[in-house]
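Positions are given from 1, in the same order as the sequence printed here.
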Amino acid sequence: MAHAVTGAILTIDTATPAVTAGLVALDETERRTVLAERVTLDARAHAERLTPNVLAALADAGLGMTDLTAVVVGCGPGPFTGLRVGMASAAAYGHASGIAVHGVCSLDAIGVCTTGATLVVTDARRREVYWARYRDGVRVAGPAVSAPA
């Protein structure tokens with residue numbers, strides 16, 4: 001049986017060198033379906049690549065900005081410049097479209113979909129990592145920054 005889609009959510013994350021934009025649909029049971037995603041790996045191109053990635057993901061899904069019901073943006077941990085681009089863009093999209101903007105821990109966006117004991121780690125540069133531990137999709141430690149050892 002097909003489930004009716006109740007909303008398309010724009011997802012943005014710029015907490016890592018991956019400049020990520022995606023679209024997720026929720027049905028009436030809150031089941032998530034990924035409609036499209038665009039990722040550019042370039043730690044120095046967040047400002048230049050985010051909006052083109054958003055527009056490309058919308059085109060891939062056959063949607064426009066008026067089809068969005070919310071924006072979800074990764075809030076780090078991550079480098080300030082990348083985070084600023086993602087969060088400011090998300091706020092602008094939400095304001096212009098009159099829709100809600102929700103911030104989430106970028107590590108949680110990965111950890112929430114895991115089962116069992118999971119460690120999510122991203123590069124913090126300067127010989128450090130950002131990390132958080134999860135058990136069945138629930139954060140049990142972190143986020144924190146430390147040496148990889």
So, for Leu83 and Pro77, which heavy atoms are closest and what is the spacing to 0.1 Å? CD1-C, 4.5 Å

For Gly86 and Leu50 the tightest heavy-atom approach is CA-CD2, 4.0 Å

Pick from Asp60, Asn53, Thr20: which one makes a side-chain hydrogen bond (donor to acceptor under 3.5 Å, both in side chains) with Arg38?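 Of the listed residues Asp60, Asn53, Thr20, the side-chain hydrogen bond (donor to acceptor under 3.5 Å, both in side chains) partner of Arg38 is Asp60.
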
[X] side chain to [Y] main-chain N or O, any donor-acceptor pair under 3.5 Å?
{"X": "His95", "Y": "Ala90", "value": "no"}
{"X": "Thr11", "Y": "Gly22", "value": "yes"}
{"X": "Arg139", "Y": "Gly142", "value": "yes"}
{"X": "Tyr130", "Y": "Ser106", "value": "no"}

Starting at [atom1] of [X], measure out to [atom2] of [Y] and round the result to the nearest 0.5 Å.
{"X": "Leu10", "Y": "Met65", "atom1": "CG", "atom2": "CE", "value": "6.0 Å"}
{"X": "Asp108", "Y": "Cys75", "atom1": "CG", "atom2": "SG", "value": "10.5 Å"}
{"X": "Ile99", "Y": "Leu68", "atom1": "CD1", "atom2": "CG", "value": "5.0 Å"}
{"X": "His46", "Y": "Thr16", "atom1": "NE2", "atom2": "OG1", "value": "6.0 Å"}
{"X": "Trp131", "Y": "Leu107", "atom1": "CH2", "atom2": "CG", "value": "10.0 Å"}

Where do Ile12 and Tyr93 land on the side-chain contact (heavy atoms from CB on, under 4.5 Å) test, with the steps shown first? CA-CA 11 Å; Ile12 295 171; Tyr93 297 144; 3.7 Å; yes

Hey, mind stepping through Ser89 and Arg84 against side-chain contact (heavy atoms from CB on, under 4.5 Å) and telling me if it holds? CA-CA 8 Å; Ser89 296; Arg84 180 179 56 196; over 6 Å; no

For the pair Val73 and His102, evaluate side-chain contact (heavy atoms from CB on, under 4.5 Å) and give the outcome as yes or no after the intermediate values. CA-CA 6 Å; Val73 60; His102 306 279; over 6 Å; no

I'd like to check [X] versus [Y] (side-chain heavy atoms, cut-off strictly below 4.5 Å). Are they in contact?
{"X": "Tyr134", "Y": "Val140", "answer": "no"}
{"X": "Leu23", "Y": "Glu37", "answer": "no"}
{"X": "Cys113", "Y": "Arg32", "answer": "yes"}
{"X": "Val72", "Y": "Val104", "answer": "yes"}
{"X": "Leu35", "Y": "Val24", "answer": "no"}

Side-chain ion pair, Asp42 and Arg49, N-O less than 4.0 Å: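 Salt bridge absent between Asp42 and Arg49.
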
For residues 115-128, which side-chain donor-acceptor pairs fall under 3.5 Å, sequence neighbours excluded?
{"residue": "Thr118", "atom": "OG1", "partner": "Thr114", "partner atom": "OG1", "Å": "3.4"}
{"residue": "Asp123", "atom": "OD1", "partner": "Arg125", "partner atom": "N", "Å": "2.7"}

